[in-house]
Undergrad: 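Below: one structure in structure tokens.
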Amino acid sequence: MPEARRHHISSAVIAAKPGCLDSILAALAGFENVEVHGADKGKIVVVIEGPSTGVLGDTLMRISLIDGVIAANMVFEQIYTEEDEADGQRTDAA
């Protein structure tokens, strides 16, 4: 039996140096698998998606290397597999 496909979704919080928020947001716009959900007072909340935890970790590392980023920390990770859906509907309680 083939292994079920997985999709990983993570939230992360990025701390920015004062005055760097706009340049960091511009850099994040260039990431294919990153979506900004909020930014205020030097903090940015993002969602990162990918096929594996490794891809998420690599993306978070690349984010941490953006000029002006003080820290980039993963907060939560959810893994979805093909079995989590039946007829296009999620089967979990969420």
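The first residue of the sequence shown is numbered 1, and numbering continues consecutively from there. Atoms considered below: every heavy atom in the structure, side chains included; atoms not considered: hydrogens, waters and symmetry mates. In this text the structure is predicted, and so the values were computed from the model without any measurement.
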Undergrad: Ignoring hydrogens and angles, write down the donor-acceptor pairs under 3.5 Å from the side chains of residues 27-39, residues two or more places apart or on other chains.
TA:
unit_1: N33; atom_1: ND2; unit_2: E49; atom_2: O; d: 3.1
unit_1: N33; atom_1: ND2; unit_2: T59; atom_2: OG1; d: 3.1
unit_1: E35; atom_1: OE2; unit_2: H37; atom_2: NE2; d: 3.1

Undergrad: For residues 11-22, which residue pairs qualify under side chain to side chain donor-acceptor pair (under 3.5 Å), counting only residues two or more places apart or in two chains?
TA: none
Undergrad: When rounded to the nearest 0.5 angstrom, what distance separates CD1 in I44 from CD1 in I66?
TA: 8.0 Å
Undergrad: How long is the straight-line distance from CG of L21 back to CG of D40, given to the nearest 0.5 Å?
TA: 8.0 Å
Undergrad: According to a hydrophobic-cluster definition based on side-chain heavy atoms being under 4.5 Å apart (Ile, Leu, Val, Met, Phe, Trp, Tyr only), do Y80 and I48 belong together?
TA: no
Undergrad: Once rounded to the nearest 0.5 Å, what's the spacing between atom CD1 of I79 and atom NE2 of H7?
TA: 11.0 Å
Undergrad: Can you name the closest pair of heavy atoms from S23 and C20 and give their distance?
TA: OG-O, 3.0 Å
Undergrad: Against I14, only a single residue in V45, V69, L25 fulfils side chain to side chain contact (heavy atoms under 4.5 Å, CB included); can you say which?
TA: V69
Undergrad: Identify, with sequence neighbours excluded, every residue that meets side chain to side chain donor-acceptor pair (under 3.5 Å) alongside T53.
TA: H8, E77
Undergrad: If you look at every heavy atom in L60 and A12, which pair is closest and at what distance?
TA: CD1-CB, 3.8 Å
Undergrad: Show the nearest heavy-atom pair for residues V55 and G50, with the distance to one decimal.
TA: CG1-CA, 4.3 Å
